[in-house]
Engineer: 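Below is the structure I would like to discuss, written out as structure tokens.
Only heavy atoms go into these numbers, but all of them, side chains included; no hydrogens, no water, no symmetry mates. Proteins get letters first, then strands, A, B, ... in listed order; numbering begins at 1 in each.
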Amino acid sequence: MEYNFKDIEKKWQNKWATNKTFAADNSSSKPKYYVLDMFPYPSGAGLHVGHPLGYIASDIMARYKRHKGFNVLHPMGYDSFGLPAEQYAIQTGQHPAVTTEQNINRYREQLDKIGFSFDWDREVRTSDPSYYKWTQWIFIQLFNSWYNNKSNKAENIDTLIAEFEKNGNSNINAPCDENTKAFTASEWKSYSEKEKSDTLMQYRLTYLGEAYVNWCPALGTVLANDEVKDGVSERGGHPVERKLMKQWSMRITAYAQRLLDGLDTIDWTESLKESQRYWIGRSEGTSLKFQIENSDLHLEVFTTRPDTIYGVSFVTIAPEHEYVDSITTSEQKAAVVDYVTKAKNRSERERQADVTKVSGVFTGAYVIHPFTGKQIPIWVGDYVLAGYGTGAVMAVPGHDERDHRFAKHFGLPILQVVEGPDVQEQSYDAKEGKGINSDFLNGLDVKVAIKKAIEEIEKRGLGKGKTNYRLRDAVFGRQRYWGEPIPVYYKDGIPHVMPENELPLVLPEVDKFLPTEDGEPPLARAKDWKYKGQFDYEHTTMPGWAGSSWYFLRYMDANNNSVFADKKLTDYWQNVDLYIGGSEHATGHLLYVRFWTKFLFDRGFISVDEPAKKLINQGMIQGTSCMVYRVNGTNKIVSAGLKNQYENTAIHIDVNIVDNNNVDVEKLKIWRDDFANTEFELEGGKLICGTAVEKMSKRWYNVVTPDSICEKFGADTLRLYEMFLGPLEQSKPWNTNGITGVSGFLKKLWRLFYQSGSFVVSEDAPTKPELKTLHKTIKKITEDIERFSFNTSVSNFMICVNELGDLKCNKRAVIEPLLVLISPYAPHIAEELWEQLGHKESIAFAPFPEFNEVYLVEDNFNYPISFNGKMRFNLELAANLSVQEIEKLVMEAEQTHKYLEGKQPKKVIIVPKKIVNIVM
RNA sequence: GCCUCUGUGGUGGAAUUGGUAGACACGCAGGACUUAAAAUCCUGUGACCUCAACAGUCGUGCGGGUUCAAGUCCCGCCGGAGGUACCA
């Protein structure tokens, strides 16, 4: 029987499924290991070769850890709520549940073919009512919680109500809306139900609040900050506006500091941590009040550079600032109204596109400088953002680039208050130098001056030292159909969450997936909503990231109907040991899942406060697009080598009809009708195409599916080849140039002891060279896996099999450990050969082989020990020596080494005692 | 602009703490088997000098530095990828 991957792979995939080989044990004496992949959104396009990259890596780890004696949890599921299915439903009328189901089946089929060791009994689907029941349940817990800054954790809202009844809100130190009013216990008691609800709403961790949101008219929904890129929606690229709306939001800002601190406790890539740090955007500074001239009002600003207070020559407020109307003088009224209208109509995209273009208008009003008493003009400018800090800045053109641009443009004075280069032409922003022209701050270094300034500001009651975060609360409502219904109803205009025992609130049927005529979301069309006719109900649904913010917990107890996951099981499985997924989720999913985990931890539902100990971002696999060249104005296509002779247009063609840049012309004619009558100009009888590296996408016809590779070379080859392509974390274009090497390797492995028609295995004891090859390989593979260097392990397998082939080694004592080593990478062939060697049990749980310590084998050394800063041993020579003799040689080597005359060696390596016992 | 990563043969990429650079694979060239092809196997393959071998010289983006020794560490440039931005 020659190596027939098709039969073998089918056989073992069936066996694994029937025997539930990879079902994780919920109570085991073995140590646990949890390997998780980011679950996919089941799109209509199916998997391409880029998707399995991370899954293969995690599967190798899962299988490796099983060999190492761990109880491994390695689940998979689907993030099955989302926009594309709904857009498709709008176009075709097909229910999203139906297309989602179809897509999931297709994904499952593709995943099964690759031979992953998932525990499918634990599959989750975020769109399944038995799953989103608990997503809704967590929403309710968040609603019923507030963040206590004194205990520094989330607590039940009852503790807040108790405090209100006792002391009002005077002692409460919680993140809440800026304009929360102070009240006493008796005032609280006198509040109406509505007033109480409104007040509590300002503290709840999920709340209904008015906020500027990213409104996308084309999608008819709001989007979170991380769903907007460059002023357009991430999905679909539609323009986004800012709009003030009443929305359900998550008070993630309460966790800003803990999300920041937690980063130091987890093993994630530095770049990803940096992204999150930047997104959270902590900045320390001070608030500062300016008295408005001839008015009772104070204008409050936030600054990180209070040391430059004497350099303030104007103050700028955002066009949306609440004071704009009230402070503008009648002479300036027309100009200001005109400017503010224009600024508001400017889309976010325009506003972000040309940041260097300066615009603004003088309000006619002034503030009084708190230290000099001078008159300072107030301007309106759209470079000041309404949503950050106080929406007003003190402008120091000498030491802030943006203020400088503004001052230059409008001819406002530029003052220098920090020693350094002249600031008339260019601002000096560095936080270095000594204060000048600054009264009590003169001569002080910037860092000292900042502290001194804050002290003085606080002493005079002008403001307070303050930490600001860039992070905003996350808008949680979406005006869409295909998402988790928010379990809220309204009684007399007061929002109530549903009782927990009535969950899930099932997504109701609608007649159309479009908004209603009066602009209400699709859920307003619900025919059979739970409380229809009894109460008003919430029409928005949860965003895409809701279901994925806690799914790692559900896998621990996926079929539990009475709780989101049994506490005993979450205590056992703790959190994810290894999480693999794309870096595009850095500021979305990976921030939200940390937030929910910390919340559930605070409320005592779980006992860990980070979802994943270690996280690896697999690189993207780009596509290699192919194109042919049509001569302009004709129906003629020319080969790539001839295209420069003509004016031509490149046309993308399907990569699957191209082999090694040779286009199959017959297939091309069939592929697109309009090529049927095309004239082709070939070179050397071939039509050569051009190539380009682009994102793998239907649009460029460069999608390669794992199925086609499995069909042609087998799943084991696909797995090995994807690893062989390069380091896991690096992005790289897909090409099949080297795949024959990997495929050839598996054939060689097969032939190692399948010779001339039968399996022949020798029971003889291995020779020294055979053992040397084996142990070297065990050592290298172990180290490769431990440091996630899967590409080099493939090379090391090849070296090993080549060497054993040269030695004509077919000895059981060598082949068995080798099969265990290879089994995580190429499980099907390993299982088959394992069975051929007479084993009845799956190889999956065979112990991983241990290696004898091999300390640098150097074949071409003719001295037992050499010293070149490090020790090098010729083991064959050294093995015959006693420890004493070796130590003597080491001393000699150190003393006689030519580089060490008169110097101490930098490093002394202790000779391992084990060395004399080495076999080889 | 800022942050993170990265730069090694014709190509993908090895080189774990500084210690024989280019493992392994692809490609290419030559050979064996074959009527032929496929498959398989063998040999060679960084550059320069040389008929060739031996030997030698140069070589990890560029310029410096530390070190007995630098792809690896330090300083300064240049290029590429990704992320991010009027955040005061």
Engineer: What about the rings of A:Phe314 and A:Phe406, do their centers lie closer together than 6.0 Å?
Structural biologist: yes
Engineer: If you look at every strand shown and take non-hydrogen atoms under 4.0 Å, does A:Phe797 touch a base, only sugar-phosphate, or nothing?
Structural biologist: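 Result for A:Phe797 = nothing.
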Engineer: Quantified in whole Å, what is the C1' atom distance between nucleotide B:A14 and nucleotide B:G22?
Structural biologist: 8 Å
Engineer: Do you know which of A:Leu746, A:Ile739, A:Ile829, A:Ile56 makes side-chain contact (heavy atoms from CB on, under 4.5 Å) with A:Leu720?
Structural biologist: A:Leu746
Engineer: List the steps and the verdict of side chain to side chain contact (heavy atoms under 4.5 Å, CB included) for A:Val396 and A:Arg305.
Structural biologist: CA-CA 9 Å; A:Val396 184; A:Arg305 293 295 300 275; over 6 Å; no
Engineer: Determine if the base of B:G27 is syn or anti; take syn to mean the glycosidic torsion is within 90° of 0.
Structural biologist: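 Classified anti.
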Engineer: Check every strand shown and say whether A:Gln730 touches a base, only sugar-phosphate, or nothing at a heavy-atom separation below 4.0 Å.
Structural biologist: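 A:Gln730: backbone/sugar contact only, no base atoms under 4.0 Å.
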Engineer: Between B:U20 and B:C33, how many Å separate the two P atoms, rounded to a whole number?
Structural biologist: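 Here B:U20 and B:C33 have their P atoms 42 Å from each other.
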Engineer: If you assign each of A:Gly726 and A:Gly391 to its closest nucleotide in RNA chain B, which residue comes earlier from the 5' end?
Structural biologist: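 Whichever sits nearer the 5' end wins; that is A:Gly726.
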Engineer: Please state whether the rings of A:His369 and A:Tyr310 are parallel, tilted or perpendicular, taking 30° and 60° as the class boundaries.
Structural biologist: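 The arrangement is tilted - the two ring planes meet at 30° to 60°.
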Engineer: Is any NZ, NE, NH1 or NH2 atom of the basic residue among A:Glu270 and A:Arg277 found under 4.0 Å from an Asp or Glu carboxylate oxygen of the other?
Structural biologist: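 The answer is yes: the pair qualifies as a salt bridge.
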Engineer: Expressed as a whole number of angstroms, how long is the span from A:Glu284:CD to B:A88:P?
Structural biologist: 12 Å
Engineer: For residues 721-730 of chain A, run the donor-acceptor check on the side chains, cut-off 3.5 Å, and write out each pair with its distance to 0.1 Å, sequence neighbours left out.
Structural biologist:
residue, atom, partner, partner atom, Å
A:Tyr721, OH, A:Asn735, O, 2.9
A:Tyr721, OH, A:Gly738, N, 3.3

Engineer: Any side-chain N or O of A:Tyr383 less than 4.0 Å from the OP1 or OP2 oxygen of B:A88?
Structural biologist: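 A:Tyr383 to B:A88 OP1/OP2: no side-chain N or O under 4.0 Å.
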Engineer: Map A:Ser789 and A:Ile799 onto RNA chain B by nearest heavy atom, then report which one ends up closer to the 5' terminus.
Structural biologist: A:Ser789
Engineer: Considering only the C1' atoms, how many Å lie between B:A55 and B:C49, rounded to the nearest integer?
Structural biologist: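 Result for the C1' pair: 11 Å, nearest Å.
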Engineer: Check RNA chain B against residues 393-403 of chain A and give the residues with a non-hydrogen atom under 4.0 Å, in numerical order.
Structural biologist: A:Val393, A:Arg402
Engineer: Any Lys/Arg nitrogen of A:Glu783 or A:Lys780 sitting under 4.0 Å from an Asp/Glu carboxylate oxygen of the other?
Structural biologist: no
Engineer: Find every protein N or O atom lying less than 3.5 Å from an N or O atom of nucleotides 37-41 of chain B, and list the pairs.
Structural biologist:
residue, atom, partner, partner atom, Å
B:U40, O3', A:Arg751, NH2, 3.4

Engineer: Please state whether the phosphate of B:U4, meaning OP1 or OP2, lies under 4.0 angstrom from any side-chain nitrogen or oxygen of A:Thr269.
Structural biologist: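 No, outside the criterion.
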Engineer: Roughly how far apart, to the nearest Å, are B:C24 and B:U66 at atom C1'?
Structural biologist: 34 Å
Engineer: State which of B:G13, B:A88, B:C24 makes the closest approach to the side chain of A:Thr304.
Structural biologist: B:A88
Engineer: Taking atom C1' in both B:G80 and B:G65, compute the distance separating them and give it to the nearest angstrom.
Structural biologist: 26 Å
Engineer: Which of the following nucleotides, B:U4, B:U16, B:G13, is nearest to the side chain of A:Glu783?
Structural biologist: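 For the A:Glu783 side chain, the nearest candidate turns out to be B:U16.
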Engineer: Please state the P separation for the pair B:U8 and B:G71 - nearest whole angstrom.
Structural biologist: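 Approximately 14 Å lies between the P atom of B:U8 and that of B:G71.
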Engineer: Under a 3.5 Å cutoff, is there a donor and acceptor pairing between the side chains of A:Thr773 and A:Glu803?
Structural biologist: yes
Engineer: For A:Leu471 and B:C87, give me the distance from atom CG to atom P, rounded to whole Å.
Structural biologist: 17 Å
Engineer: If you measure only the distance, is there a donor-acceptor pair under 3.5 Å linking the side chains of A:Thr253 and A:Tyr469?
Structural biologist: no
Engineer: Give me the ring orientation class for A:Trp750 and A:Tyr754: parallel if the planes are under 30° apart, tilted from 30 to 60°, perpendicular past 60°.
Structural biologist: tilted
Engineer: Looking only at side-chain atoms of A:Asn737, point me to the closest of B:C26, B:C42, B:A88.
Structural biologist: B:C26
Engineer: Does A:Lys614 NZ have over 12 foreign heavy atoms under 6.0 Å away?
Structural biologist: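 More than 12 heavy atoms, drawn from other residues, nucleotides or ligands, come within 6.0 Å of this atom.
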Engineer: Expressed as a whole number of angstroms, how long is the span from A:Leu725:CG to B:C24:P?
Structural biologist: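 Taking CG of A:Leu725 and P of B:C24, I get 19 Å after rounding.
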Engineer: Return yes if some donor-acceptor pair links the side-chain N/O of A:Asn468 with the main-chain N/O of A:Gly285 below 3.5 Å, else return no.
Structural biologist: no
Engineer: Please report the distance separating the P of B:C87 from the corresponding atom of B:G13, rounded so that it comes out in whole Å.
Structural biologist: 37 Å
Engineer: Would you please classify the geometry between the A:Phe797 ring and the A:Tyr825 ring as parallel, tilted or perpendicular, with 30° and 60° separating the classes?
Structural biologist: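 Perpendicular.
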Engineer: A:Thr363 side chain to A:Trp379 main-chain N or O, any donor-acceptor pair under 3.5 Å?
Structural biologist: no
Engineer: For a quick test of reading the model: is some side-chain N or O of A:Asn791 closer than 4.0 Å to OP1 or OP2 of B:A14?
Structural biologist: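 A:Asn791 to B:A14 OP1/OP2: side-chain N or O found under 4.0 Å.
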Engineer: Who are the salt bridge (Lys or Arg N to Asp or Glu O under 4.0 Å) partners of A:Lys732, not counting sequence neighbours?
Structural biologist: none
Engineer: A:Ile317 versus A:Val384: any side-chain heavy-atom pair under 4.5 Å?
Structural biologist: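 No, every pair of side-chain atoms sits at 4.5 Å or beyond.
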Engineer: When you compare B:C41 with B:G59, how far apart are their C1' atoms, in angstrom units rounded to a whole number?
Structural biologist: 34 Å
Engineer: Suppose we call a contact any N or O donor and acceptor under 3.5 Å apart; does that hold for the side chain of A:Arg405 and the base of B:C86?
Structural biologist: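 Answer yes: a donor N or O sits under 3.5 Å from an acceptor.
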Engineer: Assign A:Asn802 to base, sugar-phosphate, or nothing according to its heavy-atom contacts below 4.0 angstrom with the strands shown.
Structural biologist: sugar-phosphate
Engineer: Just need the stems in RNA chain B: three or more back-to-back Watson-Crick or G-U pairs, each with both distances under 3.5 angstrom, sorted by first number.
Structural biologist: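 So the stems come out as B:1-7 with B:78-84, B:10-12 with B:24-26, B:27-32 with B:40-45, B:46-48 with B:56-58, B:61-65 with B:73-77.
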Engineer: Rounded to the Å, how far apart are A:Met723 CE and B:G13 C1'?
Structural biologist: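 My rounded result for the distance is 15 Å.
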Engineer: From B:A88, B:A23, B:G13, pick the nucleotide closest to the side chain of A:Ser795?
Structural biologist: B:A23
Engineer: Could you go over nucleotides 82-84 of chain B and give all protein N or O partners under 3.5 Å, atom names and distances?
Structural biologist:
none

